[in-house]
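Source: prediction; values computed, not measured.
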Amino acid sequence: MRRRDFLGVLGGAATGWPLAVHAQQSKRARIGALYIGLADGESFKQELRDGLRELGYLEGQNIAFEFRSAEGQADRLPGLAAELVRLKVDVLVALYVPSALAAKQATSDIPIVMVAADPVETGIVPSLARPGGNITGVSLMSAASNAKNIELFRDMLPSMRRVGVLVNAKDPVFAKAMIDEVQRAGGPTGTEIQPVVMIDGPGDLENAFMTMMREKADAAVVQGSLVIKPLTDMAIKYRLPTASSTRSFADIGGLMSFGADGPAAVRHGAHFVQRILQGKQPRDIPIEQPTKFELVVNLKTAKAIGLKIPESFLLRANVVIE
């Protein structure tokens, strides 16, 4: 249509049209955000805000946030998800598998953007390419990252023969996916994966590490939803090398982390929120995998447990905490 014809069509609506546009632009999108409340909770909030700010969404102007933290208690997530649904948020962002599953159970109508591990293996969606339903987002590939930690331990500690696994009893869906991946990784590297210890809460930590010592584990991999300071402190107390898939683990005293760049993944998730606010349906947006992974080594922790890490290994790290 030529410009003058287009203007002619609009001529009769010239009075009402600017008012309608203004009303549309002034609508403030409400974003619900659900997370367990572990060591990376503050990073999640900041990166989600920053990611959406970069896309033109300014808090207090055209967007508002409703953050809900389970404060480390995963069994609170269903109630918090239901609360966000009652608030009728426009999009619900869920960090990690327990939050994504709680959001999925709470609503089949409100669009959900998850930033979580292995969404197909954990039953969040049937397919990455065709997620269907009301869920899309970013896969962190955390189970595979923990399997990679087995290889990294063998490179760091050539004499290592046995690696234990610490998993979260309150996050059993991902725990199974992680155990399967870690056990598969053990075979080609000649590593025995033993013991596997379920942790129900902070009160179980002492017994868990005593089990690791009794079973003569040379190292342990830790499920991401167990990343809390008391655990990394306990690992230092028992002088046990530990690794996880989330960067915050190394930041709070874990020896090593390998996995998707968490802050980048959350900012990536902000793009999914934008697409939904622009009218896209989650079922039509394929779930994407991270493109940036990082290896982080905490040299302070290595010194605290009396571990000498080969210089060649440190050169491979993206970040060395000293």
Side-chain angles (χ1 to χ4, degrees), residues 33-51 67-74 77 93-100 114-118 137-149 152-153 165-168 170-171 174-175 178 199 201-202 205 208 219-237 240-270 290 292-302 304-305 317-322:
L34 183 65
Y35 58 107
I36 303 175
L38 301 171
D40 49 4
E42 289 304 313
S43 172
F44 168 61
K45 292 166 64 177
Q46 188 62 49
E47 297 300 336
L48 183 59
R49 283 187 170 109
D50 289 349
F67 288 103
R68 294 295 184 274
S69 168
E71 298 178 349
Q73 301 175 49
L77 290 169
V93 182
L95 179 66
Y96 297 155
V97 170
S99 300
M114 56 106 220
V115 180
D118 314 288
V138 182
S139 167
L140 294 175
M141 300 176 63
S142 300
S145 297
N146 275 309
K148 179 67 175 178
N149 275 322
L152 291 167
F153 267 140
V165 187
L166 295 171
V167 291
N168 189 350
K170 294 179 178 177
D171 186 5
F174 178 68
M178 174 183 161
I199 294 177
L205 290 174
V221 292
V222 179
Q223 187 171 335
S225 55
L226 286 175
V227 173
I228 54 175
K229 189 70 165 58
L231 188 147
T232 58
D233 289 345
M234 194 70 69
I236 292 173
K237 173 183 174 179
L240 183 69
T242 50
S244 189
S245 60
T246 174
R247 162 66 187 269
S248 59
F249 183 72
D251 288 338
I252 63 172
L255 176 66
M256 176 174 70
S257 68
F258 175 81
D261 182 327
V266 175
R267 289 194 300 273
H268 190 178
K292 183 180 179 183
F293 292 79
E294 60 178 3
L295 170 61
V296 182
V297 178
N298 191 320
L299 206 54
K300 293 191 293 186
T301 296
I305 65 176
N318 301 97
V319 179
V320 175
I321 300 171
E322 298 186 77

*asked:* If you apply the rule side chain to side chain contact (heavy atoms under 4.5 Å, CB included), what do you find for Lys148 with Phe293, and how did you get there?
replied: CA-CA 11 Å; Lys148 179 67 175 178; Phe293 292 79; over 6 Å; no
*Test side chain to side chain contact (heavy atoms under 4.5 Å, CB included) on Phe249 and Asn298 and set out the steps.*
CA-CA 10 Å; Phe249 183 72; Asn298 191 320; over 6 Å; no
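A donor atom on one side chain and an acceptor atom on the other are found under 3.5 Å apart for Ser248 and Thr246.
Proximity of Phe67 to Leu48: side-chain heavy atoms (C-beta onward) are separated by under 4.5 Å at one or more points. Side-chain contact between Tyr35 and Asp40 is absent, with no heavy-atom pair separated by less than 4.5 Å. Here the side chains of Ile321 and Val296 are in contact, with some heavy-atom distance below 4.5 Å. Taking the side chain as every heavy atom from C-beta outward, His268 and Pro290 never approach each other to under 4.5 Å.
Residue Asp251 comes nearest to Arg247 through the heavy atom pair OD1-NE, 2.8 Å, listed as atom of the first residue, atom of the second, then distance. In terms of heavy atoms, Ser244 sits closest to Asn149 at O-ND2, 3.1 Å. Scanning both residues, Ile199 and Leu166, for their nearest heavy atoms gives CD1-CD2, 3.9 Å. The heavy-atom pair separating Met178 from Val222 by the smallest distance is CE-C, 3.8 Å. Leu38 and Gly224 make their closest contact through CD1-O, 3.7 Å (heavy atoms, listed as atom of the first residue, atom of the second, distance). Of all the heavy atoms in Val97 and Ala117, the pair that sits closest is CG2-O, 3.4 Å.
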Exercise answer: donor-acceptor pairs, residues 255-262 side-chain atoms, under 3.5 Å, sequence neighbours excluded:
from	atom 1	to	atom 2	distance (Å)
Asp261	OD1	Ala264	N	3.1
Asp261	OD2	Lys292	NZ	3.3

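Shown here are the salt bridge (charged side-chain N to carboxylate O under 4.0 Å, His left out) partners of Lys45, two or more places apart in sequence or in another chain: Glu42. For Phe174, there are no ring-ring contact (aromatic ring centres under 6.0 Å, His included) partners two or more places apart in sequence or in a different chain. Under the rule for a side chain to side chain contact (heavy atoms under 4.5 Å, CB included), the partners of Ile252 that lie at least two apart in sequence or sit in another chain are Ala39, Val227, Lys229, Thr232. Among residues two or more places apart in sequence or in another chain, the side chain to side chain contact (heavy atoms under 4.5 Å, CB included) test is passed with Ser245 by Ser142, Ser145, Asn146. Taking the salt bridge (charged side-chain N to carboxylate O under 4.0 Å, His left out) definition, one finds that Arg68 meets it with Glu66, Glu83, sequence neighbours left out.
Remark: the backbone N or O of Leu226 is not paired with any side-chain donor or acceptor of Asn168 at under 3.5 angstrom.
In this structure, Ile36 CD1 and Leu77 CG are separated by 6.0 Å, a value rounded to the nearest 0.5 Å.
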